[in-house]
Amino acid sequence: MKRILVTGGAGFLGSHLCERLLKDGHDVICLDNLFTGRKDNIRHLLDNPYFEFQRHDVTMPIYLEVDEIYNLACPASPVHYQYNPIKTAKTSVLGAMNMLGLAKRTRSRILQASTSEVYGNPTVHPQPESYWGSVNPIGLRSCYDEGKRLAETLFFDYHRQVGVDIRVIRIFNTYGPRMLPNDGRVVSNFIVQALKGEPLTVYGDGTQTRSFCYVDDLIDGMVRMMAQEDTLGPVNIGNPGEFTMLELAEKVIALTGTASKIVHAPLPSDDPAQRKPVIELAKEKLGWQPRVNLEEGLQKTIAYFKQTLKL
Ligand code: NAD
Ligand code: UDP
């Protein structure tokens with residue numbers, strides 16, 4: 001049994017990760033300031049004697065004894081990370097420094113939840129880990145993109161300079177149960193709109209692409225990355241299936257059977273035109289590849305929103 005710290009543990013991905021680590025027989029400390037996380041996400045874990053919740057902000061240092069750290073604390077939806085961009089940058093950068101300091105003191109292995117956003121609006125397609133990205137340093141998405149890029153830099157410098165045992169994964173758009181209905185990300189937006197019979201808001205002409213990974217696949221990749229000894233990363237974790245936002249909207253309409261129509265709304269600034277991971281490294285080093293296709297994952301997510309929103 002390991003003592004494992006999960007920052008951002010009350011969020012969408014963090015709560016699934018806490019659940020998985022408890023199932024694997026570990027002692028889990030979930031740390032979260034509840035900015036976009038919810039106690040409801042972890043309510044079912046609170047009775048477990050091996051689970052502990054601490055309300056704490058990662059921009060402040062913390063003194064704990066742990067064996068492993070998963071650093072997920074950071075709002076992930078563009079709407080949420082642009083709400084207070086200065087805070088977002090602090091969360092990524094000061095949060096990484098504080099957690100790396102903790103890893104250094106406790107000699108624990110630490111995994112960073114980085115993002116496909118480090119590739120920016122990519123000029124190389126699909127994106128391998130060797131691509132350095134094309135990121136606007138001063139735009140509306142920069143607080144998140146550059147914050148995550150500097151966090152990766154800090155991880156590798158803490159490794160090179162003081163020998164911290166790091167792992168870095170780059171997560172591509174992940175979806176599933178426990179996304180916030182008003183989170184602003186495309187999968188939750190489309191499903192909630194379809195279930196309410198409202199128009200589906202496709203931004204721009206809808207030809208921009210994304211690759212969507214179901215949450216269970218993602219968590220499995222994350223845990224495998226932490227467990228292996230060979231690769232520090234960065235390793236892409238995502239589903240290489242690539243869809244336009246129009247295709248996604250049509251799939252959601254078909255699967256929900258809604259009478260909703262598609263409407264177009266303005267494209268947010270610096271919205272990447274295309275995104276698709278190369279996952280050869282994950283296949284080779286982690287023996288990992290996604291198992292849940294988009295249709296299956298959407299069905300599970302639709303069932304979740306139907307139940308929680310009573311629609
Ligand atoms: P989320 O917003 O549901 O979870 C983030 C969690 O971090 C929330 O519980 C939030 O309250 C917490 N948090 C935010 N700022 C904090 C702070 N200063 N101190 C302590 N806790 C704080 O988002 P998610 O989708 O679960 O994403 C989790 C991580 O994975 C994030 O680091 C995100 O950048 C990364 N990621 C997610 C995706 C995705 O598609 N879901 C893609 C790429 C990267
Ligand atoms: N998007 C959309 N309608 C919405 C929400 C998002 O068309 O209601 C588009 C958005 O412009 C982007 C894609 O869907 O091209 C994915 O957006 P999301 O916010 O989920 O994540 P991103 O990959 O941009 O961080």
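Counting starts at 1 for both ligands and their atoms, in listed order. These numbers were taken from a predicted model, which means no experiment stands behind them.
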Quick one, T123 with Y131, criterion side-chain hydrogen bond (donor to acceptor under 3.5 Å, both in side chains). Give me CA distance, side-chain angles, the key distance, then yes/no. CA-CA 9 Å; T123 52; Y131 175 50; 2.8 Å; yes
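- By heavy-atom distance, the residue among S188, S116, P78, G204 lying nearest atom 19 (O) of ligand 2 is P78.
- Counting heavy atoms closer than 4.0 Å to ligand 2, residue D271 contributes side-chain atoms (C-beta onward) but none from N, CA, C or O.
- Considering backbone and side-chain atoms together, V186 places an N or O closer than 3.5 Å to an N or O of ligand 2.
- Residue-level proximity to ligand 1 for R185 is carried by the side chain, the only part with a heavy atom below 4.0 angstrom.
- For atom 23 (O) of ligand 1, the closest non-hydrogen atom on the protein side is A76 CB, 3.5 Å.
- The residue among V263, I262, N173 with a heavy atom at the shortest distance from atom 21 (O) of ligand 2 is N173.
- Residue contacts with ligand 2, taken as heavy atom pairs separated by less than 4.0 Å, involve T201 via backbone and side-chain atoms alike.
- Residue R141 touches ligand 2 through its side chain alone, judged by heavy-atom distances below 4.0 Å.
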Applying side-chain hydrogen bond (donor to acceptor under 3.5 Å, both in side chains), run through T258 and S260 and close with a yes or a no. CA-CA 5 Å; T258 183; S260 297; 2.8 Å; yes
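- Listed by number with element, the atoms of ligand 1 under 4.0 angstrom from any heavy atom of G11 are 3 (O), 4 (O), 8 (C), 9 (O).
- In the displayed structure, M60 atom CE is contacted under 6.0 Å by at most 12 heavy atoms of other residues, nucleotides or ligands.
- Near P268, meaning under 4.0 Å from one of its heavy atoms, ligand 2 places the atoms 11 (O).
- Residue D183 does not touch ligand 1, judged by heavy-atom distances below 4.0 Å.
- Looking at atom 13 (C) of ligand 2, its nearest protein heavy atom turns out to be M245 SD, 3.7 Å.
- For the residues Y203, Y144, Y175, the heavy atom positioned nearest atom 2 (C) of ligand 2 is part of Y203.
- By the criterion of a heavy-atom distance under 4.0 Å, neither the backbone nor the side chain of S77 is placed next to ligand 1.
- The K148 neighbourhood of ligand 1 comprises atoms 31 (C), 32 (O), 33 (C), 34 (O), with distances under 4.0 Å to a heavy atom of that residue.
- Of all the listed residues (R275, E117, Q274, R210), R210 holds the heavy atom that lies closest to atom 16 (C) of ligand 2.
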